[in-house]
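This report refers to the structure that appears directly beneath it.
Values below: all heavy atoms of this structure, side chains included; hydrogens, waters and symmetry mates excluded. A note on names: the letters A, B, ... follow the listed sequences, proteins ahead of strands, and every chain is numbered from 1.
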Number of protein chains: 2
Amino acid sequence: MDKISLDRCCVHTITTKAWALDQAVDNYMAAGVKGISVWQNAIEGIGPHKAGEIIRGAGLDIVSYVRGGFFPHTSSAGRAKAIDQNKKLLEEAAALGAPMIVLVCGASPDQPLEVSRQQIKEGIEAILPLAEKLNVKLAIEPLHPMYAADRSAINTLGQANDLAESLHSPYVGVAVDVYHLWWDPDLEKEIARCGAHNNLLAYHVCDWKVNTLDLLNDRGLMGEGCIDLRKIRGWVEAAGFKGYCEVEIFSDIHWAKDQHVFLKEITDAFVAKV
Amino acid sequence: MDKISLDRCCVHTITTKAWALDQAVDNYMAAGVKGISVWQNAIEGIGPHKAGEIIRGAGLDIVSYVRGGFFPHTSSAGRAKAIDQNKKLLEEAAALGAPMIVLVCGASPDQPLEVSRQQIKEGIEAILPLAEKLNVKLAIEPLHPMYAADRSAINTLGQANDLAESLHSPYVGVAVDVYHLWWDPDLEKEIARCGAHNNLLAYHVCDWKVNTLDLLNDRGLMGEGCIDLRKIRGWVEAAGFKGYCEVEIFSDIHWAKDQHVFLKEITDAFVAKV
């Protein structure tokens, strides 16, 4: 594997949660980061248009808008509301200038997983015409099985590939996140399949800490855990993906630090480990 | 689904961790529980022979001895030590009168998962002759993917089935635990396959809490979470399994209670939810 350069480094705004958008933009630029994935909370009070201008004005690429999905509900009213919310997010993504939104597909603990999966498919079908019209892609992100109760009923890359392929659209693909998928014995095969169907839209990196303290907010910086990031990037690149590697870390431990120190750790770890 | 009777209820000693073996035995009997799965710590200071006499004397069935495995290590000395330890456990299981040991197969964060998987296979092969000689079966327990870093590189029932089938022995099979496997879209199919190959040796129940607070010790009592236990028991029984449903709950919250109260909750939940 070739070493990677910072030219392929994108950071999710949530990774440096304490920073306002303009701070994040300035600091990412100063650190040599080239891309940014924008979380909804980062543009509150700014709006997507103005946020897009700030980011492009500084010279950063907007990689994705995060995050849509959460389609399943036991009531049809709940499902309709989720579809409306996703349409709103698509409009925001277009105004921002983001080429895709990431879908955390959702799940409801009050109904079977297979029902949630069907509702996810129907939800994506309902927003797909608008996605096509706005030229914003939909990246289905399979989530780790520990999130199957209420965050996503799509828990393996195989499932995400099945779903993406069943929707037959160049506007639907998959986001591969090592945190959710590293353990899967079929990962190499499913990454190759994802690429072969032109569905590999995004690649997210962080690490799995051996002693994970919290199911949500204890992700590791690259190198802090046990994921073989070089190997997985090799599979992703062999599948044809040459885009940004997006650093997405939720961590109470790292958020508690001076975020300038953390960003320096991120860029160092990116070059050394990704 | 037919309702289940307490005649098929087995409790793991770890579930009521605070109780010494004789207390657990007396209280399980008084509650109408018929089976017990014995953890190693429960027989410390008693020894397997005497423990077996206490349990059988009270009239409980010994369902399994828990737990062997942890085969992978980066050093050959570590792997040899693990094999010796598993042989010792098999001797203890035979002395106890347990028909099987449960294998938490192990993983090492310092080597690739596929290397750990090969070492697991080699470890089971190394102890299999003794298991056959002692008439103690080996139940491979696939663990939830959130334990792939250091507890088990076998994380789906499909993998466990592959491994069990590759070993071609009536002394190797699988333990199906709903906590580890409930999320899997292939679960019904893999349970059927497990039964069709005569590999379904054990069935463990508890629940997955929607807001799980801890990766290890926050399992739910049956009914506290989102697992459809009736449906999965239906699949297990359709696959030919008619044995004990083993209650295995690690929970700081439930362990903090009066264990008599907890045991009553367990037997009520068993009849109502399993």
> Where on B:Ser108 is there a heavy atom nearer than 4.5 Å to chain A: the side chain, the backbone, both, or neither?
Replying inline: neither
> Relative to chain A, which segment of B:Asp228 carries a heavy atom at a distance below 4.5 Å: side chain, backbone, both, or neither?
Replying inline: neither
>> With chain B as the partner, which of A:Pro145, A:Ala149, A:Cys226 has the greatest number of non-hydrogen pairs under 4.5 Å?
In response: A:Pro145
> Between B:Trp183 and B:His180, what is the shortest heavy-atom contact and its length?
Replying inline: NE1-O, 2.9 Å
> For A:Glu114, is it the side chain, the backbone, both or neither that has a heavy atom under 4.5 Å from a heavy atom of chain B?
Replying inline: side chain
> For A:Leu215 and B:Leu213, which heavy atoms make the closest approach, and how far apart are they?
Replying inline: CD1-C, 4.5 Å
> Do B:His12 and B:Glu246 have a side chain donor and acceptor closer than 3.5 Å?
Replying inline: yes
> Under a 4.5 Å heavy-atom cutoff, which of B:Gly225, B:Ala148, B:Ala153 has the most pairs with chain A?
Replying inline: B:Ala148
> Do you know which of B:Asp207, B:Asp177, B:Asp214, B:Asp252 makes salt bridge (Lys or Arg N to Asp or Glu O under 4.0 Å) with B:Arg219?
Replying inline: B:Asp177
> Is it the side chain or the backbone of A:Arg117 that comes within 4.5 Å of chain B heavy atoms, both, or neither?
Replying inline: side chain
> For A:Lys209, is it the side chain, the backbone, both, or neither that has a heavy atom closer than 4.5 Å to a heavy atom of chain B?
Replying inline: neither
> Heavy-atom distance under 4.5 Å to chain A: side chain of B:Leu113, backbone, both or neither?
Replying inline: side chain
> Salt bridge check: are A:Arg67 and A:Glu248 linked by an N-O gap of less than 4.0 Å?
Replying inline: no
> Between A:Gly69 and A:Leu103, which heavy-atom pair has the shortest distance, and what is it?
Replying inline: N-CD2, 3.6 Å
